[in-house]
Amino acid sequence: MSAQEKRVMALCEWEDRWQTGRTGFHQPQVHKFLKKYLDKILHGQKSIRFFFPLCGKAVDMKWLADMGHTVTGVEISEKGIKQFFEDQSLRYSEEQVPEIPGAKVFKSADGKISIYQCDLYKFSSAIAGKFGGIWDRGAMVAINPCDRQKYAALLTSLMESDCRYLIDTLEYNPEQYKGPPFLVTEDVLKQLFEGACDIELLQTADGFEERHRAWGIDNLTEKVYLLTPKKQ
Ligand code: SAH
């Protein structure tokens, strides 16, 4: 087993990152690949239900809601969720989720954005139904490698039959950095999703930024794929 496969980040370590402001993964602008490939996700539909696994405070959620879509996110950090609503100047309510002990849901006043504060693996389609679109940035690459099967099974179970799942992955030399984010190759995606979905590589780009030098890597490739459920 490689060092990355063995690495496990506990939920409290993520919370600690939020508490100490170590959230370098957050981007202040809408992600360029979400913008570029939004039409592929929508495939002609005007307004769909989006799912954001491990959403953090991604500004992309507000961008989609402003276009008339509804967005459901799951994030463990209450601090991150509150920052999202505050940064976006959105009024929100907070309530318990009876189906998930200890979980809360934070909803924008207009009802367009709901963020569940819980461990992703406690979430299911029984809580908020299925989705027409999924935007996976900093999610598949952030989960512990040992949880990948569980993650793929959950995400697959949340897809409507005409869902489009856009996923942003990273490739770099895993000997140089332990993650997260972890290396996720096309082979990994195939192992996890090929039974349920067609997988199309949309774009390969140089994703290296100066901040990545601190990880000890000198090279980072970003790849974006579109997953479409196989016809039954
Ligand atoms: N998608 C966001 C955040 C990426 S970082 C973005 O692109 O900015 C990963 C996020 O997942 C962190 O905010 C962390 O708090 C959260 N997280 C990690 N494991 C989780 C889990 N098992 N359940 C819910 N949230 C989790």
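In listed order, ligands and their atoms are each counted from 1. Please read these numbers as outputs of a predicted model, since none were measured by experiment. The analysis underlying the following values was restricted to heavy atoms, covering all of them including side chains, and did not include hydrogens, waters or symmetry mates.
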Hey, what polar pairs (N/O, under 3.5 Å) does ligand 1 make with protein?
from	atom 1	to	atom 2	distance (Å)
ligand 1	1 (N)	Leu54	O	2.8
ligand 1	1 (N)	Arg137	O	2.7
ligand 1	7 (O)	Arg137	O	3.3
ligand 1	7 (O)	Arg137	NH1	2.7
ligand 1	8 (O)	Arg137	NH1	3.4
ligand 1	13 (O)	Trp18	NE1	2.9
ligand 1	13 (O)	Glu75	OE1	2.7
ligand 1	13 (O)	Glu75	OE2	3.2
ligand 1	15 (O)	Trp18	NE1	3.2
ligand 1	15 (O)	Glu75	OE2	2.6
ligand 1	22 (N)	Asp119	OD1	3.0
ligand 1	23 (N)	Leu120	N	2.9
ligand 1	25 (N)	Ile76	N	3.0

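Applying side chain to side chain donor-acceptor pair (under 3.5 Å) to Tyr165 and the options Thr228, Asp136, Thr156 leaves one that passes, Asp136.
Contacts of Glu194 classified as salt bridge (Lys or Arg N to Asp or Glu O under 4.0 Å), with partners at least two apart in sequence or in another chain: none. Remark: Pro180 pairs with Arg7, Met9, Trp14, Arg17, Phe182 by the side-chain contact (heavy atoms from CB on, under 4.5 Å) rule, at least two apart or across chains.
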Apply the test salt bridge (charged side-chain N to carboxylate O under 4.0 Å, His left out) to residues Arg22 and Asp16: give CA-CA distance (whole Å), side-chain angles for both, the deciding distance (0.1 Å), then the verdict.
-> CA-CA 8 Å; Arg22 285 177 293 131; Asp16 195 48; 3.1 Å; yes
Hey, can you pull the donor-acceptor pairs under 3.5 Å for the side chains in residues 45-60, sequence neighbours left out?
from	atom 1	to	atom 2	distance (Å)
Gln45	NE2	Leu42	O	3.1
Gln45	NE2	His43	NE2	3.2
Ser47	OG	Gly68	O	3.4
Arg49	NH1	Ala128	O	3.0
Arg49	NH1	Lys130	O	2.6
Arg49	NH2	Ala128	O	2.8
Lys57	NZ	Gln83	OE1	2.9
Asp60	OD1	His31	N	3.3
Asp60	OD2	Trp135	NE1	2.7

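Side-chain atoms of Asp187 and Thr185 form no donor-acceptor pair, as typed in the model, at a separation below 3.5 Å.
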